[in-house]
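Residue numbers count from 1 along this sequence. In what follows, every heavy atom counts, from backbone to side chain, and hydrogens, waters and symmetry copies are set aside.
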Amino acid sequence: MPTFLGGQPVHWAYTNPLDGMYQFSDLSQQNSAGVHCVAIADSSTLQVMRLDDGTGTYAFHDVPVGQFPVANDLKSLDPDDVDWLTRGVANVSASVVHGNDLWVAWDAAASGAGENPTYPNAHVRLARIDRGTWTRVEERQVWNPDYAFAYGCLAVGSEGEVAYGVAVGGSHDYPNSCFGILGDYVVYFRDTSTATAGAAAEPRWGDYITVRPILGKRRFAAFGYFTAKSGTNAKQQPYFLSYGRP
């Protein structure tokens with residue numbers, strides 16, 4: 001039955017709630033038609049929810065990917081032995097559409113005993129999925145033996161270049177946000193963090209960081225933050241970053 005607004009009928013519909021594994025998943029960005037939401041189904045499978053414009057229905061596609069650690073909780077200790085990833089969980093953190101491709105980023109924990117290949121720290125995984133066949137085209141990892149990465153975000157530029165942002169930290173560096181372009185093997189950031197917000201009492205990181213294409217330019221606009229000591233406190237300092245290839 002339609003709802004009436006100002007005497008005019010307004011027809012509406014709704015979908016059933018998604019499964020709990022979509023709890024931390026965001027909707028895809030830069031969509032031309034339809035929208036997607038991606039979740040971790042198991043240690044080697046992503047599940048994509050597709051909702052096409054004008055259909056009123058949605059569908060699910062299971063996409064096999066490379067094996068990755070299944071531990072749900074992320075962990076990384078800063079130079080003061082504070083776990084700056086205490087609020088981190090293994091989940092899909094970003095997805096973006098480019099042509100027939102769906103790029104997906106998700107957080108994965110450090111490898112457990114006996115798991116192979118071995119990732120000594122939490123890391124970000126990336127996959128490019130063909131939306132015609134719903135198969136993985138390629139897969140990459142953002143990882144380092146000395147640093148943990150998490151909270152990946154994605155954007156696609158005018159020439160198809162894929163930009164990303166991540167949080168990074170570890171035993172030698174306090175958590176910070178940095179940004180780059182896939183294939184360049186370099187990242188950009190504003191200042192080095194000198195503390196973890198909240199310290200041992202209530203450590204926190206992972207507040208909003210993002211990257212988006214700048215329309216009409218071969219550049220990206222990014223928003224991140226670093227943490228600096230201020231007396232006995234630690235203050236989060238947000239910053240804006242514009243970057244791109246020459």
### Query
Who passes side chain to side chain donor-acceptor pair (under 3.5 Å) against D173, sequence neighbours left out?
Y147

Closer than 3.5 angstrom, by distance alone: can the side chain of [X] be matched with the main-chain N or O of [Y] as a donor-acceptor pair?
X: T227; Y: S193; value: no
X: D26; Y: A94; value: no
X: T45; Y: D62; value: no
X: D78; Y: S171; value: no
X: R218; Y: P246; value: yes
X: S28; Y: S95; value: no
X: R219; Y: I214; value: no
X: N31; Y: V97; value: no

### Message
Going by side-chain contact (heavy atoms from CB on, under 4.5 Å), name the residues that satisfy it together with D184, two or more places apart in sequence or in a different chain.
### Response
I181, V186, R245

Once salt bridge (charged side-chain N to carboxylate O under 4.0 Å, His left out) is applied, do any residues pair with [X], and if so which ones, sequence neighbours excluded?
X: R131; value: none
X: E139; value: R125, R136
X: E138; value: R128, R140

### Query
Is the ring centre of W143 less than 6.0 Å from the ring centre of H123?
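Centroid separation for W143 and H123: 6.0 Å or greater.
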
### Task
For F60, check ring pair (Phe, Tyr, Trp, His ring centres under 6.0 Å) against everything at least two apart and list the hits.
Y58

### Query
Only one of V124, V38, L46 forms a side chain to side chain contact (heavy atoms under 4.5 Å, CB included) with W106, so which one is it?
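It is L46, the one option of V124, V38, L46 that forms the side chain to side chain contact (heavy atoms under 4.5 Å, CB included) with W106.
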
### Query
In this structure, which one of V82, D83, L85 forms a side chain to side chain contact (heavy atoms under 4.5 Å, CB included) with L77?
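With L77 as partner, side chain to side chain contact (heavy atoms under 4.5 Å, CB included) holds for just one option, D83.
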
### Plane angle bin for Y188 and Y243 - parallel if under 30°, tilted between 30 and 60°, otherwise perpendicular
tilted

#### Entry: Same apolar cluster (I L V M F W Y, side chains within < 4.5 Å links), V166/F68
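Shared cluster, no.
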
